Protein chains: 2
Amino acid sequence: MATIFDVANRAGVSIKTVSRVLNNASNVRPQTQKKVQLAMRELEYHPSFAARELRSGQSEAIGIIFSDPSGGFQGRLHSAALSACRDAGCFLTAALIEEGSDNWADQLAEFLNRTRIRRMILVPPFCDSADLREQLREEGVTFTLISPSIPAADAVSLGMNEEQAAYEVTQHLVSLGHERIGHIAGIEDHVATQLRKAGFLRALAEAGLEARENWLGVGAFNFRDARDVARQMLADPGERPTAIFAANDEMAAAVCYTASSLGLTVPDDLSVAGFDDVAIATAIWPPLTTVSQPFTAIAAEAVRRLVEPDPEADQGQNEALECRLIIRESTAPPPVG
Amino acid sequence: MATIFDVANRAGVSIKTVSRVLNNASNVRPQTQKKVQLAMRELEYHPSFAARELRSGQSEAIGIIFSDPSGGFQGRLHSAALSACRDAGCFLTAALIEEGSDNWADQLAEFLNRTRIRRMILVPPFCDSADLREQLREEGVTFTLISPSIPAADAVSLGMNEEQAAYEVTQHLVSLGHERIGHIAGIEDHVATQLRKAGFLRALAEAGLEARENWLGVGAFNFRDARDVARQMLADPGERPTAIFAANDEMAAAVCYTASSLGLTVPDDLSVAGFDDVAIATAIWPPLTTVSQPFTAIAAEAVRRLVEPDPEADQGQNEALECRLIIRESTAPPPVG
DNA sequence: TTGAAAGCGGTACCAC
DNA sequence: GTGGTACCGCTTTCAA
């Protein structure tokens, strides 16, 4: 392991000059800087995280706290964050805090205290806690929120444009020729639920289609509720929709399941679309038309903002990245007649 | 932040003595040790990770590498490892390495080089790579394998007793009165597949039941293949099993799905059991009888071994922890008649 | 524009 | 059994 001393030696300067180059201070002659950078490259020099942390009192690592990293959303975000960190040359240190536990503040304090982490990524559900954000601020932590369900006025956040994505899903169904389209919404007060439903209704209105009361259900993001709703929606052959857009894949799977048990074939008799593109979307048959969220891009942007903060550009309080519609085999033109 | 210096002051000893107590060296008078420990507690002293790392050249953190932490198995293990680390007072630093990438060795070297991590938990798929283990050994890393599919002769590993769990699932079905029991296996050369099938066959043999050829299928751990297998298995009303044990929950879900589309009710007409207790097990209806793997216990044991290595006890090369049978509503006595 | 030297919080070699 | 002190690699004040 080459040290700053080796680099100084090789470049024929003092370690202070090397340090200046490392922290790109202004007062270095370009020529000197070149010399030092060359030496660093030749020696494959990397500054020591430990030494820096010891000196500065802050860890170089980026912190992330989870309530349940095995959950799909958090897991995907974690994966994307790890990937982004690798690309940015930094490392991720994770901690587990029970959501709603009475001593989460102590757990967080302990984490910050011990790791000396001062840059964090906040994912749901913690990004929605104003108390938690306040504590972070008091400890001098800079952070970026990812996909908060309640947009925070006091913090920079990165989200995804779910309304638009839901609009596109619906438009896709419309463009296939569907005119009788149902929607199964998620948990009612979730922002995601509202956005997805809003996009659905916007596309419907734009196409001049009716949003029938009994084609609008609430499945609360779970299989069982969605199955019950689907059963009702599909009960009357004369009155049923030819396509159903469920607000997540698990509920879409429930629709497929129900259709199958009613003797309907997906997509010939009924088109089904989901949202999230989780494992179940390709685990079932037919694979679901769904929406893929830009986890990778979001994590990359979050890490970039922490690693190279740009006070100017980071003023954008609520940047939203685009989702992507993935068309698979669960959607097709409606049955004729 | 109290330092070792503050502790020494308060206890009226030198920092060296404090250091000795910290590293529980032998040459300290019990009385002195007590005094120091008291001072540490009073000051809420915690040694600085950075200072230790700088001095020793090794990070205190425990490392873990994933190929895909959003996958169910890795995600659960990650969650359990985080929890275990918190309880053990250490922290987890994760890295992402693409499975089968041609420069995984460089990625690993970079990770070790930069983080100075020297204690790692190896989870699938990396725990199965002898090359990777060799590289770790060369770098002086101690590690514990979790659930390797090929038991490694050269490393300590922690696994779960899947054969026994599969045996218990089957026994549960037998005890309900089933005599016609099918099995849908996973990907053929996976160790998990073999163990689960072996447990199934052992229970069958013990109960004096027949293992019929057409009640043994291969679903390759995915919904679609399992659905096809189930369709065949359930095709002939006179010849079909009254219970099916699938080697994972996703395949069990496929069985439920197929049963439903054939007009069969689970569990009245057909009992279904899965394995893994993943989200889908409780997402579908009826919730699946399945097997819960001891992720928490395994992670705790893995961390314990890394944090307080015990050369004596750690000779146990392949410790296996017990799984737990979870009986839910997808299993019931066979239909009468 | 550059350099010497102190110190961040520990560990460990040596002397007592 | 205990204490003095050099040192890990870097940042930073102060002088030159």
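A note on names: the letters A, B, ... follow the listed sequences, proteins ahead of strands, and every chain is numbered from 1. Remember, it's a predicted structure, so these values are computed and weren't measured experimentally.
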Taking the side chain as C-beta and beyond, is there a heavy-atom pair between B:L92 and B:H78 under 4.5 Å?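 Contact flag for B:L92/B:H78 side chains = yes.
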Applying side chain to side chain contact (heavy atoms under 4.5 Å, CB included), run through A:F73 and A:D276 and close with a yes or a no. CA-CA 9 Å; A:F73 192 87; A:D276 288 346; 5.9 Å; no
Could you tell me the boundaries of the chain B footprint on DNA chain D, defined by atoms under 4.0 Å from its heavy atoms?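 Counting from the 5' end, contacts occupy D:dG1 to D:dG9.
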For A:R137 and A:F143: C-alpha separation, side-chain torsions, deciding distance, then whether side chain to side chain contact (heavy atoms under 4.5 Å, CB included) applies. CA-CA 9 Å; A:R137 236 176 248 114; A:F143 51 87; 3.6 Å; yes
Tell me whether B:Q31 at atom CD has more than 12 heavy atoms from other residues, nucleotides or ligands lying less than 6.0 Å away.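 Not buried by this count: 12 neighbours or fewer within 6.0 Å.
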Using a 6.0 Å cut-off, check whether atom CZ of B:R324 has over 12 heavy atoms from anything other than its own residue.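 No, because the 6.0 Å sphere around CZ of B:R324 holds 12 heavy atoms or fewer from other groups.
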Quick check: does any side chain N or O of B:D6 sit under 3.5 Å from a backbone N or O of B:T3, one acting as donor and the other as acceptor?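 Pair found, side chain donor or acceptor close to backbone of B:T3.
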Show each protein N/O and nucleotides 12-14 of chain C N/O combination with a separation under 3.5 Å, one pair to a line.
| from | atom 1 | to | atom 2 | distance (Å) |
| --- | --- | --- | --- | --- |
| C:dA12 | N7 | B:K16 | NZ | 2.6 |

Can you find a side chain N or O atom of A:S14 that sits less than 4.0 Å from OP1 or OP2 on C:dG3?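 Affirmative; the distance criterion is met.
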Would you say A:T17 places a side-chain N or O within less than 4.0 Å of OP1 or OP2 belonging to C:dG3?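 It does, given that an N or O in the side chain of A:T17 lies less than 4.0 Å from OP1 or OP2 of C:dG3.
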Separation of C:dG7 P from B:L54 CG (nearest whole Å):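 Those two atoms, CG and P, are 17 Å apart.
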Ion pair check, B:R114 and A:E60, cut-off under 4.0 Å: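 Looking at B:R114 and A:E60, the cut-off is not met.
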Might you point out which heavy atoms bring B:Q107 and B:S101 nearest each other, and give the distance in Å?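 Closest pair (atom of B:Q107, atom of B:S101, distance): NE2-OG, 3.5 Å.
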Which residues within residues 29-52 of chain B lie with some heavy atom under 4.0 Å of an atom in DNA chain C?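 Listed by number, they are B:Y45, B:H46, B:P47, B:S48, B:A51, B:R52.
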Determine the contact category for A:V13: base if any of its heavy atoms lies under 4.0 Å from a base atom, sugar-phosphate if only primed atoms, P, OP1 or OP2 are that close, otherwise nothing.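 Sugar-phosphate only.
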Evaluate B:D131 against B:W104 for side chain to side chain contact (heavy atoms under 4.5 Å, CB included), listing each step before the verdict. CA-CA 10 Å; B:D131 290 345; B:W104 63 262; 3.8 Å; yes
Given the rule in the side chain to side chain contact (heavy atoms under 4.5 Å, CB included) test, do B:C127 and B:I146 qualify, once you have shown the distances and angles that lead to the verdict? CA-CA 7 Å; B:C127 59; B:I146 289 188; over 6 Å; no
